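Structure first, then comments.
Note that this is a predicted model, so its numbers are computed, not measured.
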Amino acid sequence: MTTKPINIVVAGGTGDLVYRPSQVNRVVVLSRDDSSPVAQELKELGAEVHTGTVTVESLKGIDVVINAWGFTVPGEIKDSLVKTAAEAGVRVYFPSEFGVDPHNLDVEKNIFSSKVAQAKYAREVGGGSLKVIEVYIGGFLDQIGMYAAGVGIDVQNKTVSSVGKDSATARISYTSERDIAYSTVRLAVLAAQDPSSVADRVRISGSNTSWSDIAKLLSVEHDSTFEVKELDDEPFKEKIENGDFIAALRYAFGKGHVDLNAGSSNELVNPGEKLWKWDTVEEFVKKTKGLSVA
């Protein structure tokens, strides 16, 4: 166990991951271009930006590596990072992608299988000396507006479509990027101090809602009723078999597989909301003026 300030490396990510409670000494961000606007923002926030090859030597003295690279980064690059981290003596590692918990799925599980493979490989190369923490947060709150039409929200025609019987009331966890970042840094601090204090798989549920709830929020914001439609899930199963990610996501939402409230670690990372207030779907709908209107 250690109580000294820790050093963190973040692969990718945004300024939110430069959240620095007193228990964090250094934050080093891996970037392809240290002259980019994001890199400049990170530097202003106090982070060091590293653009060279990640080597064992460059990770010496680092306690925690947070892999915030998205699904577009090839798996072999992610595997190389954790292998180097293990060889350098890093004590805590967070695999990338976060999002949906792949251990809670059925017919759609193969779409998210890379997450399971990442964590398995990390534990293998860690050899028991590297604490590997999988963090799952449900849906990304900040992306509801960006992908509204794709996930069934049709603002122009005032409809919200969910997938499967009783899917309109199935609970869904949504967590903002800020809350994901803050939670991950908190977990990093706790795990570096005492690895046994954090589970190998952690659920965070910043806000919990349903498609019916979202329709009501949109109705208020637009002063017009939004209809909720439950779609047959069979066509989505066929799409899932063909590797359709959005179909798998919508199916998981409708089946309640993205409800992470049960067993969440919200209180562990942010007891009583004393460290920060969780962002909510209601606030997001208001902030985006009902997810904007075409």
Rounded to the nearest 0.5 Å, how far apart are NE2 of H222 and NZ of K289? 11.0 Å
Within the structure provided, determine whether V135 and F94 are in side-chain contact (heavy-atom separation under 4.5 Å). yes
Shortest non-hydrogen contact between P95 and Q118, atoms and distance: CB-OE1, 4.0 Å
Are the side chains of L275 and Y182 in contact, using a 4.5 Å heavy-atom criterion? no
Please give me the minimum heavy-atom distance between L130 and V92, naming the atom from each residue. CD1-N, 3.8 Å
With clusters defined by side-chain heavy atoms of hydrophobic residues (ILVMFWY) lying less than 4.5 Å apart, directly or transitively, does V155 cluster with V220? no
Ion pair check, K255 and D106, cut-off under 4.0 Å: no
Should I8 and D63 be marked as a side-chain contact (heavy atoms from CB on, under 4.5 Å) after you check the CA-CA gap, both sets of side-chain angles, and the distance that decides it? CA-CA 6 Å; I8 298 175; D63 300 289; over 6 Å; no
Any idea how W276 and W278 line up, ring-wise: parallel (<30°), tilted (30 to 60°), or perpendicular (>60°)? perpendicular
Say whether V281 and V228 are linked into one hydrophobic cluster, either directly or through other cluster members, by side-chain heavy-atom distances under 4.5 angstrom. no
Do the non-hydrogen side-chain atoms of K4 and N25 ever get within less than 4.5 Å of each other? no
Partner set under salt bridge (charged side-chain N to carboxylate O under 4.0 Å, His left out) for E273, not counting sequence neighbours: none
How long is the span from the OG1 atom in T209 to the CD1 atom in I144, to the nearest 0.5 Å? 8.0 Å
Non-neighbouring partners of Y136 that pass ring pair (Phe, Tyr, Trp, His ring centres under 6.0 Å), sequence neighbours left out: none
For the side-chain hydrogen bond (donor to acceptor under 3.5 Å, both in side chains) test, which of D259, D179, N261 pairs with S205? N261
Can you name the closest pair of heavy atoms from L291 and I153 and give their distance? CD1-CD1, 3.8 Å
Between L249 and V116, is there a shared hydrophobic cluster once you connect ILVMFWY residues whose side-chain heavy atoms come closer than 4.5 Å? no
Under the criterion side-chain contact (heavy atoms from CB on, under 4.5 Å), I'd like the reasoning laid out for V202 against I133: C-alpha separation, chi angles, the key distance, then a yes or no. CA-CA 7 Å; V202 173; I133 304 173; 3.9 Å; yes
For E44, which residues count as a side-chain contact (heavy atoms from CB on, under 4.5 Å) partner, sequence neighbours excluded? none
Inter-residue atom distance R203.CZ - S173.OG, 0.5 Å rounding: 8.0 Å
Taking only residues two or more places apart in sequence or in another chain, which ones pass side-chain contact (heavy atoms from CB on, under 4.5 Å) with D142? S176, E177
Could you give the side-chain donor-acceptor pairs of residues 80-88 under 3.5 Å, partners two or more places apart or in another chain?
{"unit_1": "K83", "atom_1": "NZ", "unit_2": "E87", "atom_2": "OE2", "d": "2.6"}
{"unit_1": "T84", "atom_1": "OG1", "unit_2": "S80", "atom_2": "O", "d": "2.8"}

Set of residues satisfying side-chain contact (heavy atoms from CB on, under 4.5 Å) with respect to E267, sequence neighbours excluded: P271
Kindly write out the residues that satisfy side-chain contact (heavy atoms from CB on, under 4.5 Å) with S167, not counting sequence neighbours, or none if the list is empty. S162, E230
Crowded around D223 CG? As in, over 12 foreign heavy atoms under 6.0 Å? no
Please report the C-alpha distance between D154 and Q156 in whole Å, then the side-chain angles of each, then the deciding distance to 0.1 Å, and finally whether the side-chain contact (heavy atoms from CB on, under 4.5 Å) criterion is met. CA-CA 6 Å; D154 186 341; Q156 188 169 10; 3.8 Å; yes
Is there any ring-ring contact (aromatic ring centres under 6.0 Å, His included) pair reaching into residues 37-68, and which pairs are they, with sequence neighbours excluded? none
Find out whether I6 and V189 are in side-chain contact, i.e. whether some heavy atom of one side chain is under 4.5 Å from a heavy atom of the other. yes
Within this structure, what is the CD-NZ distance for the pair E282 and K216, rounded to the nearest 0.5 Å? 12.0 Å
Which pair of heavy atoms, one from V73 and one from K78, lies closest together, and at what distance? O-CE, 3.3 Å
Residue pairs involving residues 235-249 (criterion salt bridge (Lys or Arg N to Asp or Glu O under 4.0 Å); sequence neighbours excluded): E234-K237
Separation between CG of L105 and NZ of K115, rounded to the nearest 0.5 Å: 8.5 Å
Under a 3.5 Å distance rule, please check whether S197 uses its side chain to pair with a backbone N or O of L190 as donor and acceptor. yes
Qualifying salt bridge (Lys or Arg N to Asp or Glu O under 4.0 Å) pairs with a residue from residues 156-172, counting only residues at least two apart or across chains: R171-D213
Which pairs count as ring-ring contact (aromatic ring centres under 6.0 Å, His included) when at least one residue sits in residues 228-271, sequence neighbours excluded? F112-F245, Y174-F253, W211-F253
Kindly indicate, with the supporting measurements, whether the criterion side-chain contact (heavy atoms from CB on, under 4.5 Å) is fulfilled by L268 and L187. CA-CA 8 Å; L268 175 66; L187 290 167; 4.1 Å; yes
Non-hydrogen atoms of T175 and G206 that approach each other most closely: OG1-N, 3.0 Å
State plainly whether one hydrophobic cluster holds both Y93 and I77, where clusters connect Ile, Leu, Val, Met, Phe, Trp and Tyr through side-chain heavy atoms under 4.5 angstrom apart. yes
Sub-4.5 Å side-chain heavy-atom contact between L260 and I204: no
Closest non-hydrogen atoms of I111 and I240, given as atom of the first, atom of the second and distance, are CD1-O, 3.7 Å
Please tell me whether D101 and N104 have a donor and an acceptor in their side chains that are separated by less than 3.5 angstrom. no
I214 side chain near F226 side chain, heavy-atom distance below 4.5 Å: no
Rounded to the nearest 0.5 Å, how far apart are OG of S264 and CD1 of I137? 12.5 Å
Qualifying salt bridge (Lys or Arg N to Asp or Glu O under 4.0 Å) pairs with a residue from residues 117-136, counting only residues at least two apart or across chains: K120-E124, R123-E134, K131-D200
Counting heavy atoms not belonging to K109, are there more than 12 under 6.0 Å from its NZ? no
What I'd like to find out is whether the side chain of F140 reaches to under 4.5 Å of the side chain of F98, using heavy atoms alone. yes
